[in-house]
Amino acid sequence: MSTKPGLPQGTRDFSAATVLKRNFIFNTIRNVFELYGFQPLETPAMENLETLMGKYGEEGDKLIFRILNNGLDNAAKHPQLREDFEKVLEGKNVKGITERALRYDLTIPFARYVAMNHGQLTFPFKRYQIQPVWRADRPQKGRYREFYQCDADVVGSYSLLNEVELTNIYATVFQQLGIDVEIRINSRKILAALAEQCGGAEHMTNITIAIDKLDKIGIDKVKEELSQRGLSNEQIAIIEQYLGINGTNAEKLRQLKQLLGNNTTAQKGWEEIEFILNYTSSLQEASSIVVDFTLARGLNYYTGIIFEIKAKNVQMGSIGGGGRYDDLTGLFGVPNIPGVGISFGVDRIYDVMEELKLFPAEVQSGTKVLFFNLGTAECQTAFSLMQQLRSKGIRCEIYHEQTKFDKQFKYADKKQIPYAVIIGSKELEEKVCNIKNLVSGEQQQVSFHELMNYQFI
RNA sequence: GAGAGCGUAGCUCAGUUGGUUAGAGCGACAGUUUGUGGCACUGUAGGUCGUGGGUUCGAGACCCAUCGUUCUCCCCA
């Protein structure tokens, strides 16, 4: 009995061309992370469900992939399991049914790691992590159920130099990849101040959710939504003024100070932003940093500066994001460890680079030389020459079947192999070989010794 | 969680108001002098039209269900 092959929804196979291109992105990011002193960490694909639950908001919890426990067919456990399953139907999580889940992001597993190991770690602790994550989302453009994140986080440091360096990392990576981006920054403190100004901190979530949608639904709809969420007309008026802030970064800051000038929380917020702008102002990347007071970000553990990356010239959701969270490990009983981090969404970066044709051709380079197989004795000589070339680090293949020229040429063509080495009976006798450049069609005859020193480009 | 589109050959797709035996291009394979490819020509293989029901004398086409997939909203990378 055979089953029709297929993939789970939202997952993909990656063939050679894709993997090579994606590795180019990974390597670029990894090199920059390491350049800034970050060290690698890997955590398991699955975590205990309770480690993840409640960390991503109500919506996020629904998107966590849960793993069904093994051994549910054990008849002795059935009475208890039936009881447990009733609770699952009510939307509760029960250890007896599902105890583990696939990781949803890299930040919470990292916080879990820090909470478990804080006694051994040297602070500030800088780690980077490149691994897939899983979300039970409905797939669509730029959205997958399995995708890679590349995170860099620093914990144990309040210094804004971290934010400055993370901004630099963003700028450097995207410059190297050739993607034109906006690095949007804001501070949660400014959003908190706005909430204070509008009747209290308890409105913060409502306000951020609504204004985050500004560029999508427009000011009128945002006002409508705020009204529905219980804000008064006066409060909405302040928010409208806030959302009307525009111009250059300096102009935006000036307008913000006018609006929230006497609020000490807001002041801390804009001082953070000004610190980053001052530190990066001498750098070339500075031009891509955009202060955006409407930036909110969904995850509610952020407390300070927040980042979001938007690629220019292409229709795609954010390709990176992050921010400061001053008490993430507090969720795991280890308080007072501040942190700040950023994340790259590799799969979306890939899609952007593909759409804008930004992958360099060298990324694809595979086999350089194909040795033709033109007979038993010919093949033996060719094989030995090939091994010598391989030992010099040149990527070679020999055609394993003895077959017509036509087929061997076509194989080279398909695999985009630029050189063929042809050794037939005549060449074997004279101890020479033909090197054919398959792109230009030029061919030259050289001795075996010369072949070893030939410059294959 | 809400909504829309699409499932026909390995791939991209045609297929008329329902009407004989299911179509093309590309790809694969074989051949056109068994030592120099990409071109051209000839030929071959490959499809229970996603699946299951229904309407009809007759369904790839119409209706219902189901599965898969793509996209939009929500939310996110």
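Residue numbering restarts at 1 for every chain, and letters A, B, ... go by the order of the sequence lines.
- Ranked by how close their nearest RNA chain B nucleotide is to the 5' end, A/K410 and A/R138 are led by A/R138.
- What separates CD of A/E59 from C1' of B/A2 is a distance of 12 Å, to the nearest Å.
- The stretch residues 142-154 of chain A touches RNA chain B through A/G142, A/R143, A/Y144, A/F147, A/Q149, each having a heavy atom under 4.0 angstrom from the strand.
- Between A/K404 atom NZ and B/A30 atom P there is a gap of 7 Å when expressed in whole angstrom units.
- B/A4 and B/G52 have their P atoms separated by 26 Å, given to the nearest Å.
- The same atom, P, is picked in B/G7 and in B/A14; the two are 7 Å apart, to the nearest Å.
- One can find a donor-acceptor pair under 3.5 Å joining the base of B/G35 and the side-chain atoms of A/E427.
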Dot-bracket assigned to RNA chain B with the 3.5 Å Watson-Crick/G-U criterion, [ ] for crossing and | for other-strand pairs, is (((((((..((((.....[...)))).(((((.......))))).....(((((..]....))))))))))))....
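- If you check every strand for non-hydrogen atoms under 4.0 Å, A/K62 touches nothing.
- When heavy atoms are screened at a 4.0 angstrom cut-off, A/S343 is found touching no nucleic acid atom at all.
- The side chain of A/S318 lies closest to B/A77, out of B/C29, B/A77, B/G35.
- Using a 4.0 Å heavy-atom criterion, one finds that A/Q9 contacts the sugar-phosphate atoms exclusively.
- For A/F371 and B/G37, the CZ to P distance is 21 Å, given to the nearest whole Å.
- For the pair A/K368 and A/F456, the cation-pi test (distance below 6.0 Å, angle within 45°) is failed.
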(Q) Could you go through A/N434 and A/Q445, starting from their C-alpha distance and side-chain angles, then the distance that decides it, and tell me whether this counts as side-chain contact (heavy atoms from CB on, under 4.5 Å)? (A) CA-CA 4 Å; A/N434 289 317; A/Q445 199 164 72; 3.2 Å; yes
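- The distance from atom CD1 of A/I306 to atom P of B/C76 is 12 Å, rounded to the nearest whole Å.
- Within the 4.0 Å cut-off from OP1 or OP2 of B/A28, at least one side-chain nitrogen or oxygen of A/K414 is found.
- For A/Y350 and A/Y148, the ring centers are positioned 6.0 Å apart or more.
- Regarding A/Y56, its OH atom lies at a distance of 20 Å from the C1' atom of B/C74, rounded to whole Å.
- Among the protein residues, A/L7 comes within range of the sugar-phosphate backbone only, with heavy atoms under 4.0 Å from sugar or phosphate atoms but none that close to a base.
- Judged purely by atom type and a 3.5 angstrom limit, A/S318 has no side-chain atom pairing as donor or acceptor with the backbone of A/I309.
- If you check every strand for non-hydrogen atoms under 4.0 Å, A/I422 touches a base.
- The gap from the P atom of B/U55 to that of B/U17 amounts to 25 Å, rounded to the nearest Å.
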**Candidate pair A/L49 and A/K95, rule side-chain contact (heavy atoms from CB on, under 4.5 Å), full reasoning** = CA-CA 9 Å; A/L49 181 59; A/K95 273 197 173 183; over 6 Å; no
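- Nucleotides B/U32 and B/C71 place their C1' atoms 48 Å apart, quoted to the nearest Å.
- Rounded to whole Å, the separation between the P atoms of B/C64 and B/G3 comes to 16 Å.
- One donor-acceptor pair, N or O on each side, does fall under 3.5 Å between the base of B/U36 and the side chain of A/Q443.
- Within 4.0 Å (heavy atoms only), A/K310 reaches no atom of the nucleic acid at all.
- Rounded to whole Å, the separation between the C1' atoms of B/A2 and B/G18 comes to 35 Å.
- In this structure the side chain of A/N373 never reaches within 4.5 angstrom of the side chain of A/E401, judged on heavy atoms.
- The residue A/G321 sits apart from the nucleic acid: no heavy atom pair falls under 4.0 Å.
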Report the C-alpha separation of A/E272 and A/R324 in whole Å, then their side-chain angles, then the decisive distance to 0.1 Å, and conclude whether the salt bridge (Lys or Arg N to Asp or Glu O under 4.0 Å) test is met. CA-CA 11 Å; A/E272 290 172 355; A/R324 177 169 284 277; over 6 Å; no
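- Side-chain contact, A/R138 with A/Q140: no donor N or O sits under 3.5 Å from an acceptor N or O.
- Base contact: A/N434 has a heavy atom under 4.0 Å from a base atom.
- Here the rule is ring pair (Phe, Tyr, Trp, His ring centres under 6.0 Å) with A/F344, and of A/Y170, A/F147, A/Y128 only A/Y170 fits it.
- Atom pair A/D406:CG and B/C39:C1' shows a separation of 12 Å (rounding to whole Å applied).
- Counting any heavy atom pair closer than 4.0 Å across all strands shown, A/I349 reaches no nucleic acid atom.
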Just do the side-chain contact (heavy atoms from CB on, under 4.5 Å) check on A/F332 and A/I108 with the steps written out, would you? CA-CA 10 Å; A/F332 300 111; A/I108 294 297; 4.0 Å; yes
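- Panel note: side chain A/K55, backbone A/M53; a donor-acceptor pair is recorded below 3.5 Å.
- Contact check, A/Q140 against B/U70: no side-chain N or O comes under 4.0 Å of OP1 or OP2.
- With P as the reference atom, B/G68 and B/U21 are 34 Å apart, rounded to whole Å.
- One C1' atom belongs to B/C62, the other to B/U70, and the distance between them is 24 Å to the nearest Å.
- Atom P of nucleotide B/C71 and atom CG of A/D137 are separated by 13 Å, given to the nearest angstrom.
- A donor-acceptor pair under 3.5 Å links the side-chain atoms of A/Q235 to the main chain of A/C198, judged by distance alone.
- Residue A/L374 contributes atom CG, which lies 13 Å from atom P of B/G37 at whole-angstrom precision.
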